[in-house]
Amino acid sequence: MKSQWSFKKTRILTGLALVAAVNCLFETTMGNFLHMVKFPFTGAVMLGFNVVAYVLARWICPRPGAISAVAFITVLGNIAVGAGMIKPFALAAILCEGILIDIVIFVIGFRQMGVVAASVAAYFFAFLYPLLTAFLFVRKEVPKALASLISGVHADAAVPFAVFLALILLKLLIYCIIAVFFGVLGWRLFLFMEKARSAHALSME
């Protein structure tokens, strides 16, 4: 009995480590490539893949803390392979988003609504994160901090407030759409993996 539990625990830890390693590899390859070609909403797209990876982690280990563990290992992996290119604020965002997703799923439950809500919460945090870092840590003035919410808008640019507000709301709407898409995608992946595991269990009987 003890050996079976030890094997199961080892298998879970190995699975979480593998998910974190793939997530980290994706961050450091595809993420850097998308940033290099200036792909629109690169951060939002990469966060979406993180959400899918976190759902997979929760499938491997259906307990609170699994997602936070994968996020933490992903950060460590980024530090290990990001020689000379470590971005502290970006790494802190990955960890905070993982913890936030873990908390929301724990509160609402691991079901489609919980996963989608967790994804939306993470995207809302990612949307406000530039403002928080600009204002709290970099100590930018309020106009410059607000301008950090919209890429390509200079703080000193004469942009009417209505236009600026419309741009912020448009970006937030796009973030919400992407969040729901990847939340549903992650849940669909979970259902597929559950179906495959059930089919395998039946074939072994």
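We number each residue from 1, following the sequence as shown.
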Problem - For the student: nearest non-hydrogen atoms of Thr29 and Leu25, plus distance - result: OG1-O, 2.6 Å

Handout entry: Least distance between heavy atoms, Ala57 atom then Ala66 atom
Key = O-CB, 4.2 Å

Handout entry: Residue from Val70, Val19, Ile67, Leu16 passing side chain to side chain contact (heavy atoms under 4.5 Å, CB included) with Cys61
Key = Leu16

Exercise for the section: Carefully, step by step, assess Leu189 and Leu185 under the rule side chain to side chain contact (heavy atoms under 4.5 Å, CB included). Expected result: CA-CA 6 Å; Leu189 175 63; Leu185 179 63; 5.9 Å; no

Practice task
Under the side chain to side chain contact (heavy atoms under 4.5 Å, CB included) rule, what do Trp59 and Val55 come out as? Steps first, then yes or no, please.
Solution key: CA-CA 6 Å; Trp59 174 76; Val55 173; 5.8 Å; no

Exercise for the section: Give a yes or no on whether Leu128 and Ile99 share a hydrophobic cluster (residues Ile, Leu, Val, Met, Phe, Trp, Tyr; joining criterion: side-chain heavy atoms under 4.5 Å apart). Expected result: yes

Exercise for the section: Evaluate the ring-ring contact (aromatic ring centres under 6.0 Å, His included) criterion for residues Phe110 and Trp187: first the C-alpha distance (whole Å), next the side-chain angles of each, then the deciding distance (0.1 Å), finally the verdict. Expected result: CA-CA 9 Å; Phe110 188 59; Trp187 184 252; 5.4 Å; yes

Exercise for the section: Show the numbers, then the answer: is there a side chain to side chain contact (heavy atoms under 4.5 Å, CB included) between Glu97 and Val51? Expected result: CA-CA 9 Å; Glu97 288 157 2; Val51 170; over 6 Å; no

Problem - Ring geometry between Phe125 and Tyr129 (parallel below 30°, tilted from 30 to 60°, perpendicular above 60°) - result: tilted

Handout entry: Separation between CZ of Phe89 and CD1 of Ile94, rounded to the nearest 0.5 Å
Key = 14.0 Å

Fill in the blank from the handout: Taking every heavy atom of Ala117 against every heavy atom of Ile108, the minimum-distance pair comes out as CB-CD1, 3.5 Å

Handout entry: Distance (rounded to the nearest 0.5 Å) between Ile174 CD1 and Leu170 CG
Key = 4.0 Å

Problem - Set of residues satisfying ring-ring contact (aromatic ring centres under 6.0 Å, His included) with respect to Phe49, sequence neighbours excluded - result: Phe26, Phe182

Problem - Exercise: identify the closest heavy-atom pair between Gly98 and Tyr54 - result: CA-CE1, 3.9 Å

Handout entry: Atom pair CG (Leu100) and CD1 (Ile105), whose distance is rounded to the nearest 0.5 Å
Key = 10.0 Å

Exercise for the section: Can you establish whether the number of heavy atoms outside Phe41 located under 6.0 Å from its atom CZ is more than 12? Expected result: yes

Problem - Close side-chain approach of Val45 to Met30, heavy-atom, < 4.5 Å - result: no

Fill in the blank from the handout: Taken to the nearest 0.5 Å, the spacing of Leu34 CG from Glu27 CD works out to 10.5 Å

Practice task
Kindly work out whether a path of hydrophobic side-chain contacts (I/L/V/M/F/W/Y, heavy atoms less than 4.5 Å apart) joins Phe181 to Leu173.
Solution key: no

Problem - ILVMFWY network linking Ile12 to Met193, side-chain heavy atoms under 4.5 angstrom - result: yes

Exercise for the section: Going by the side chain to side chain contact (heavy atoms under 4.5 Å, CB included) test, name the single residue among Ile73, Leu95, Ile101, Asp102 that passes it with Ser68. Expected result: Asp102

Handout entry: Rounded distance (nearest 0.5 Å) linking atom CD of Gln112 with atom CZ of Arg188
Key = 6.0 Å

Exercise for the section: In sequence, state the C-alpha distance, the side-chain angles, and the governing distance for Val115 and Phe190, and then conclude on side chain to side chain contact (heavy atoms under 4.5 Å, CB included). Expected result: CA-CA 10 Å; Val115 171; Phe190 166 76; over 6 Å; no

Handout entry: Co-membership, hydrophobic cluster, residues Val116 and Val107, 4.5 Å side-chain
Key = no

Handout entry: Separation of Ile60 CD1 from Leu13 CG (nearest 0.5 Å)
Key = 10.5 Å

Handout entry: Set of residues satisfying ring-ring contact (aromatic ring centres under 6.0 Å, His included) with respect to Tyr123, sequence neighbours excluded
Key = Tyr175

Handout entry: Minimum heavy-atom distance Gly77-Cys24, with the two atoms named
Key = C-SG, 3.2 Å

Handout entry: Single-linkage hydrophobic cluster Ile103~Leu47, side-chain heavy atoms < 4.5 angstrom
Key = yes

